Amino acid sequence: PSMPWSAAIALGAIVAPPDAVAATAVLRPMHPPHRLLTILEGESLFNDATALLIYRLAVGAAAAGGFTAAEVAPQFLLAVAGSLVAGPALGWLLQRSLSHVEHVPTVIIVQFLATFSVWIIAEHLRLSAVLTTVSFAIFVAQTAPQRTPARQRIPAYAVWETVVFALNILAFIFIGLQIRPILTSLEPGQTGHYLAVAGAILLTVIVARFAWHMPFNAVVRWRHRRSGFNPPRPMLRPTIGSGVVVSWAGMRGIVSLATALALPVTFPYRDLIVLTAFLVVLGTLVIQGLTLKSLMRMMNFPEDDPIGRELQIGRVRALDAVDAALAASSSPLAITVRKQFRTQLGVDGTGPDNLRAQYNELQRMALRAARSTIVSMRANSEIGDDAFHRLEEQLDWLEMAGAQTEAN
């Protein structure tokens, strides 16, 4: 009861945003309806931005000693509007800058510097750093595919995935390093009280998600019954079962840990908030994460593969474009290119000849032979290290292209 409103609101903002990575990692191997994955990923992005903006206002209010709605509302609206403008503008500047850079390591470094710079600039302008970064990322994701060559995109994806993975690990390590001093500093009677508070908040987080999402699910189903279900792309209708799965897939993760760690040392009830955030993340990952697969099996959703259908449509259109582009040429090279594209895109591996599987196996045999040869040549001093690594890079690109085709 003695916790100030600013600290309570900060605590709510910390434990509010769900972690889509944890939920989709559990669900993807079970091939759930694509609509569920889209909802979980989309709501996580929106909730992160909303929660972190509220978190910032609450922390600022705690530092100032209080706040009123009249003081906060203009700042809130200005931060939202300014962030939605600044993000795409900064994304446009980044794309213009990278269009003149061809060196791959430089491109990756500029991407990192630009991302952190967007956050710093937003903070300096007193905008929402996370909302600015999200809108910046959305703009870049929509425009970068046409501007970024494959030799830059493939290593950049690998580096970013590694960094995100490492940051997730570090967040759990840092929170663990803080939990031990918190628990050892508590009085004997306080430990049970803090754990009871954390347990109550964990229960509230789980129940509140059901209380919010299930009525929303009911309204959506009622609207579809009245006006019909006409999605822009084929997908399954929302059902009570899908609402239950989305409600239960509310695991918390990296955002809750990072925001708890970012609280100032002098923040009111910081120890309680950090401990609660850790236990909410751990509790949701254990309770919901370990039971989500069983819940999915109980719901028994019908098979739904809109991505597979869209892949097939895209392959046909891409092959039509290839044929149109090479229509004026009947040279052996043009015929070879057509055959290569038809093997890579046009055969789905289920036909009677199974051409794609044969192609992939032949490519693996050829790559093994080529690699063995250049390794032997280097060992025998027929070629030096520089020539070897150039050849190795070319074979790596061929292998990556084959692996991507096989994955599709």
Side-chain angles (χ1 to χ4, degrees), residues 95-108 111 140-159 233 305-408:
Q95 292 297 334
R96 295 281 294 181
S97 302
L98 289 179
S99 63
H100 305 292
V101 181
E102 296 184 357
H103 188 234
V104 175
T106 302
V107 169
I108 296 174
Q111 289 176 350
V140 172
Q142 293 294 321
T143 57
Q146 295 88 354
R147 298 171 175 265
T148 307
R151 62 185 181 83
Q152 293 180 1
R153 181 166 47 247
I154 293 173
Y157 280 1
V159 171
R233 294 182 293 176
D305 187 20
I307 295 179
R309 292 193 295 269
E310 293 171 8
L311 275 172
Q312 190 60 30
I313 294 171
R315 285 169 180 153
V316 171
R317 295 286 296 275
L319 286 171
D320 290 343
V322 169
D323 289 339
L326 301 178
S329 177
S330 59
S331 67
L333 285 177
I335 295 172
T336 301
V337 171
R338 287 193 189 94
K339 287 182 178 179
Q340 182 185 18
F341 271 86
R342 289 197 173 278
T343 303
Q344 295 276 10
L345 294 176
V347 181
D348 60 9
T350 59
D353 296 329
N354 203 1
L355 293 180
R356 173 173 289 185
Q358 295 179 34
Y359 177 88
N360 290 333
E361 180 58 31
L362 291 172
Q363 187 185 50
R364 284 192 292 269
M365 291 173 56
L367 283 168
R368 284 195 296 267
R371 288 189 188 280
S372 176
T373 298
I374 65 172
V375 168
S376 298
M377 292 178 70
R378 184 178 66 166
N380 297 330
S381 300
E382 296 180 58
I383 58 175
D385 280 344
D386 290 339
F388 171 79
H389 288 304
R390 293 274 188 95
L391 289 167
E392 183 183 47
E393 182 183 9
Q394 292 176 349
L395 294 177
D396 286 344
W397 282 102
L398 287 171
E399 183 175 350
M400 292 173 67
Q404 183 63 36
T405 303
E406 194 167 359
N408 291 336

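Since we're looking at a predicted model, the values are computed, not measured.
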Can you name the residues that form a side-chain contact (heavy atoms from CB on, under 4.5 Å) with [X], not counting sequence neighbours?
| X | result |
| --- | --- |
| His103 | Pro105, Thr106 |
| Leu395 | Leu367, Ala370, Arg371, Ile374, Leu398 |
| Ser329 | Ser331, Ala334 |
| Asp385 | Arg378, His389 |

Next item on the list: Over all heavy atoms of both residues, which pair between Pro155 and Val104 is shortest? Give the atoms and the distance, please.
Entry: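 What the structure gives for the nearest pair is CG-CG1, 3.5 Å.
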Checklist line | Closest non-hydrogen atom pair between Arg96 and His100, with its separation | finding: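 Shortest heavy-atom contact: O-CD2, 3.3 Å.
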For the [atom1] atom on [X], are there more than 12 heavy atoms of other groups (residues, nucleotides or ligands in this structure) within a distance under 6.0 Å?
| X | atom1 | result |
| --- | --- | --- |
| Glu102 | CD | no |
| Arg317 | CZ | no |
| Asn380 | CG | yes |

Next item on the list: Output the distance between atom CZ (Arg390) and atom CD1 (Ile383), rounded to the nearest 0.5 Å.
Entry: 12.0 Å
Item checked: From CG (Asp396) to CG (Leu391), nearest 0.5 Å -> 11.0 Å
Item checked: Test item: Thr373 side-chain N/O and Ala369 main-chain N/O as donor-acceptor pair under 3.5 Å ->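 Answer holds: yes.
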Next item on the list: For Gln152, enumerate each residue passing the side chain to side chain donor-acceptor pair (under 3.5 Å) test, keeping only those at least two apart in sequence or located in another chain.
Entry: none
